[in-house]
Amino acid sequence: MSRFWKPGTEKPVLVDDEEGGVLFYSSLSSSSRYGHASIEKQRQRLPVYKYRTSILYLVENHATTVIVGETGSGKTTQIPQYLKEAGWAEGGRMIACTQPRRLAVQSVASRVSEEMGVKLGEEVGYTIRFEDITNADVTRIKFLTDGVLLREMMDDPLLSKYSVIMVDEAHERSLSTDILLGLLKKIQRRRPELRLVISSATIEAESMASFFNNSRKRQERDTEELGPKKEPAILSVEGRGFNVQTFYSEEPVPDYIRAAVSTVSSIHDEEPMGDILVFLTGQDDIEAAIQMLTEDSEVTRKQGLFVLPLYSGLPRSDQDLVFSPTPRGKRKVVISTNIAETSLTLEGIAYVVDCGFSKQRFYNPMTDIENLVVAPISKASARQRAGRAGRLRPGKCYRLYTEEYYLNEMSAHGIPEMQRSNLVSCVIQLKALGIDNILGFDWPASPSPEALIRALEVLYSLGVIDDDAKLTSPAGFQVAEIPLDPMISKMILASNDYGCSEEVITIASVLSIQSIWFSVRGSQKELDEAKLRFAAAEGDHVTFLNVYKGFIESGKSSNWCHKNHVNYQAMKKVQEIRQQLRRIAQRLGIALKSCEGDTRAVRKAITAGFFANACRLEAFSHNGLYKTIRSSQEVYIHPSSVLFRVNPKWVIFHSIVSTDRQYMRNVISIDPSWLTEAAPHFYQNQQLKSRAQ
DNA sequence: ACTTCCTAC
């Protein structure tokens, strides 16, 4: 076993902590009871404070400043305040700070308003979907998701109200962050007075800086030019994370679930108190590990473990359990997907067990299918996972792979989402912003030409772009205006023609959230029975309408949801999205109209958006084998669909989830003649006829 | 016989 010190951190402060993590948690986390003066002192104790002058100098003199900030440096909360204190928000200008996640936007904004002693929504505000807590006249620092900032560009392409835009967590390389970075680089050329602050982890800093380097060979002239230097500056700010000692497996591990379980047992046996966080890949792994841990007689005998699962599909109340205090004398073990890598932060973790894998999405432009596969994580992820053990005190990380593997075989960072995704939404957003040459766009990470061409083909077949790849009018502009996937947006537009916009908007809202069903481990049967009460012979989309109707008729009762295994929180969200979409539809001139149960009209509207996802049951198929019309891919109806084992001859799916087989999720039955009606250009008559026999 | 994780006037 070898040791590993986290680079860039000081020697560990050794802390004698017989009491476990809880004590530290309470002593560090409660800032709200301090007065204003001591908030000021707290701010000055943050590592980033030492760099205040340097940061302001660099932002003043460089168009782009890349800040490398380890977690706990305070960069996100402090830099916007420094900028404001230095006058960047004077003269009606604003400072923007983007985050990839809604939750982060809310918590950072409220923290900063607290530090500044102002009411949230006044000088400091935030905007996320459905929540605009800003006041145009007084808000000077605005936190927002990068998706919202992209949407803002549709009205204000140069983002002219902002003097500085800070893009936080840029190293995560999310789809919308990368689109945003590409567009900001373009804006910079038109607005030399604009300043960018890109915050990134060490590993991506150089590539961020070189992406924003506009100076090229003109460095000599550059110094004589007025205005900021075009060459980006890089500044590193150390974090306040504690050291994490890392151990590797001596031999490659044949079964990481078993290895994770035995590692947890030996930590429990040999190490001082402190909570354990285990990273596995998905629900199945997690449940298997929990079962093994609770069945392990030796561990159970000691009765010392408090084991909790954590993944996004888990009901909220179960997720919240991981934040509950560890019972005295027990050790909390959270077994999690990578939701705990970035989205959720557990304080007080002393030990991390990292299996070295995660589920990752890969897109195949040839088949237009996104696959979900278990793949090795990157060094960057491994470091991030390890860091989860050192938030409040020094910790330990056990990697279930060899050091040799880490050093020589693990890739430095993951593949950007841009290169692993279907790009229809991304392309239409750029089109709407007037970017004509999509293939020539200066991306932070270029997607494959195949994926771009596929996206253009899909948009063309939807009638959203024309022969010159320009947005069509009005359909193209309307689809771009709806904040959903273009296929869904097209379905909403078509619902106007079929007189079923109310129903289709409900369906679009349900499809926008993860699941409307409340699924608990062990009650699968009850859930299946509940589904049967709403099941429609036409398929899942119509089933959603039945559920929504029942929910409304119950007076939006949470009790009704509980009885029917419907997720109440999800239904509230459906309602919110539905209201938003109704407003947008009205603005676009779509008449809000119900078809009063005419499910043919509803399915025709769905077909108008999703004709490309048509499948036909294979003749003589006994196991429900379908093939897609477009590319003859072999697919099956997902077991969660109401049409599972019903197997109608012709179906359309909303999406494919690819595990051991390709499963169609959310399926409706259709009449094949609707395909030629919806997209004559896409389905040549002979193509369907030749397959109809 | 099954669900990594996010976001969007």
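Letters A, B, ... mirror the listed sequences (proteins, then strands); counts begin at 1. Atoms considered below: every heavy atom in the structure, side chains included; atoms not considered: hydrogens, waters and symmetry mates.
The CD1 atom of A:Ile513 sits 14 Å away from the P atom of B:dT7 (whole-angstrom rounding). The interatomic distance linking A:Asp132 (CG) with B:dA8 (P) rounds to 12 Å, in whole Å. Atom CD1 of A:Ile488 and atom C1' of B:dC9 are 17 Å apart (whole Å). When rounded to the nearest whole Å, the span between CD1 of A:Ile428 and C1' of B:dC9 equals 15 Å. Rounded to whole angstrom, the span from the CD atom of A:Gln580 across to the C1' atom of B:dT7 amounts to 12 Å. Going from atom CD1 of A:Ile577 over to atom C1' of B:dT7 covers 11 Å, rounded to whole Å. As a whole-Å value, the separation of A:Leu149 CG from B:dC9 P is 11 Å. A:Glu481 has its CD atom 12 Å from the C1' atom of B:dA8, to the nearest Å.
Using a cut-off of 4.0 Å between Lys/Arg side-chain N and Asp/Glu carboxylate O, A:Glu526 and A:Lys531 are scored as not salt-bridged. Under the 4.0 Å criterion applied to side-chain N and carboxylate O atoms, A:Arg388 and A:Glu347 are not assigned as salt-bridge partners. A salt bridge does not link A:Arg101 with A:Glu169: none of the charged nitrogens is closer than 4.0 Å to a carboxylate oxygen. The pair A:Arg665-A:Asp540 fails the salt-bridge criterion, with no side-chain N (NZ, NE, NH1 or NH2) lying under 4.0 Å from an Asp/Glu carboxylate O.
Residue contacts for A:Thr145: at a heavy-atom cut-off of 4.0 Å it reaches the sugar-phosphate backbone alone, with no base atom in range. Here A:Val374 lies out of heavy-atom contact (under 4.0 Å) with every strand.
Taking the ring axis of A:Tyr406 as reference, the NZ or CZ atom of A:Lys379 stays within 45° of it and closer than 6.0 Å to the ring centre.
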With B for base contact, S for sugar-phosphate-only contact and - for none (protein heavy atoms under 4.0 Å), nucleotides 1-6 of chain B reads -BBBSS
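In terms of the ring pair (Phe, Tyr, Trp, His ring centres under 6.0 Å) criterion, residue partners of A:Phe610 (sequence neighbours excluded) are, by chain and number, A:His654.
The heavy-atom pair separating A:Val667 from A:Leu643 by the smallest distance is O-CD1, 3.7 Å.
For the contact set between residues 167-175 of chain A and DNA chain B, defined by any heavy atom under 4.0 Å, there are no members.
Using modelled atom types, one side-chain atom of A:Gln319 and one backbone atom of A:Tyr311 make a donor-acceptor pair closer than 3.5 Å.
Below the 3.5 angstrom threshold, one finds no donor paired with an acceptor across the side chain of A:Arg151 and the base of B:dA8.
Neither side chain, A:Asn371 nor A:Arg361, offers a donor N or O lying under 3.5 Å from an acceptor on the other.
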